[in-house]
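Atoms within a ligand are numbered from 1 in the order they appear, just like the ligands themselves. Quantities reported herein were computed from a predicted structural model and do not represent experimental measurements.
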Amino acid sequence: MSLANGRSYLAIPGPSVIPDAVLRAMHRASPNIYEGELHDLTDSLIPDLKAVAMTDQNVAIYIGNGHAAWEAALANTLTAGDTVLVLATGRFCIGWGEMAADMGIKVQTIDCGDAAPIDLEQVEGALRADTGRKIKAILTVHVDTSTSVKNDIAGLRCVLDAAGHDALLMADCIASLGCDQFEMDAWGVDVMVSACQKGLMTPAGISFVWYNAKADAVRPARVSRYWDWRARTDPDQYFQYFNGTAPTHHLYGLRTALDMIKAEGLDAVFARHETLARTVWAALDCWATDGPIALNIADPANRSHAVTSVVAGSPNGDALRRWCEHEAGLTLGIGLGRSPADAYFRIGHMGHVNAHMIMGVLGTMQAGLIALDIQHGAGALDAAARVIAAG
Ligand SMILES: *Cc1c(COP(=O)(O)O)cnc(C)c1O
């Protein structure tokens, strides 16, 4: 007998849970795109998008997923033949580098593996060795969703400055924005990309590029009209925001999501994510005391508060995921980019997530471990409950 009927729950690292209020905001007739409310609403998003990124710089919105923001960031700053330094800590930064390579950009990679953050010393060595100043930009990911590592972006800025290197610092915050603290201006980030379907709780379909004056100044001789961030940032006419038709309903959804973040307060949003992440880790630490289950990232300081990658041994990762899906209505994330993929799974805990949702995920996983006879340590749910109880 399956116990999956009832409200299903997607606990993957994006798309995340969409709040009912966001869904309601989107459930409307097509608005007037020529004037009025939609224009005011779009204008109102700009300061709030800057606020979540903690920047006074510029932001451009694209109709597209995170991959669109990746391409936009590259197209506005680099030319074929330029070199970028990719700091790989999982699948996503490698993917951004592959996109750069597709655009004719030369890619130099420092691969830090699948279970460790960026090695800042190695980065400093590569920058100092670049005496010809060939490296035009560093591509890095704040939280790599495949490994759930969180990188020290402020530390990277210090390394760039110590090496006296003027490469642009470009950060992917697609998984982390609105979950893990990120401060674009204070941390000296030149370009940041994100998308709406993770911490921003809106259906996938719009993405963003924040950029400072330094990044704008290196503009290549030719920038495609579509990707050009300038008109989108400072439009004379409304259609220039999106270089065509506005993503009308997404804008209403995003407005509501940003209102929810403002109402809770960004610091409270970060604190909630941190406590819920520690709840997940507490359970995993117990399961890990006996058997194959382990947290992918050993040091809590290097772990994301938005997603947790779990080592489960092959084929336990896939087996547990399938059991949760088919027997209990819970969808966990696949072992994306890992080999063998069935030895891993991921838990998304980003965005519209609270204590009972996390306890539900952990309780369901506990049932799956028992049902599948996967060896595990005892006391996980008690340990998780103690973190919630402490607040
Ligand atoms: C989800 C994600 C992406 C890809 O975003 P899409 O919207 O699927 O294109 C890129 N980078 C990171 C870190 C992500 O978490």
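Within the 4.0 Å heavy-atom cutoff, Trp96 does not count among the residues contacting ligand 1.
Taking every non-hydrogen atom of Val143 and a distance limit under 4.0 Å, the qualifying atoms of ligand 1 come out as 13 (C). Residue-ligand proximity, His67 to ligand 1, at heavy-atom distances under 4.0 Å covers atoms 4 (C), 6 (P), 9 (O). Of all the atoms in ligand 1, the ones that sit under 4.0 Å from a non-hydrogen atom of Thr145 are 12 (C), 13 (C), 14 (C), 15 (O). Distances below 4.0 Å separate heavy atoms of Val141 from the following atoms of ligand 1: 13 (C).
With a 6.0 Å radius and a threshold of 12 heavy atoms from other residues, nucleotides or ligands, Lys50 has its NZ atom above the threshold. Open room surrounds CZ on Arg222; 12 or fewer heavy atoms of other groups in view lie less than 6.0 Å from it. More than 12 heavy atoms of other residues, nucleotides or ligands shown are found within 6.0 angstrom of CG on Asn354.
If you check each of Gly66, Ala175, Gly95, Gly199 against atom 6 (P) of ligand 1, the one with the closest non-hydrogen atom is Gly66.
For Tyr62 and Trp227, the distance between ring centers is under 6.0 angstrom. No close placement of the Phe239 and Phe242 rings is indicated, their centers lying 6.0 Å or farther apart.
The backbone N or O of Arg133 lies less than 3.5 Å from a partner atom in the side chain of Lys136, making a donor-acceptor pair.
Residue contacts with ligand 1 for His142 are absent, since no atom lies close enough (heavy atoms, distance under 4.0 Å).
Ranking the protein heavy atoms by distance from atom 11 (N) of ligand 1 puts Asp172 OD2, 2.7 Å first. In this structure, the protein non-hydrogen atom closest to atom 1 (C) of ligand 1 is Lys198 NZ, 1.5 Å.
For the atom pair Tyr344 OH and Asn316 CG, the distance stands at 12.5 Å (nearest 0.5 Å).
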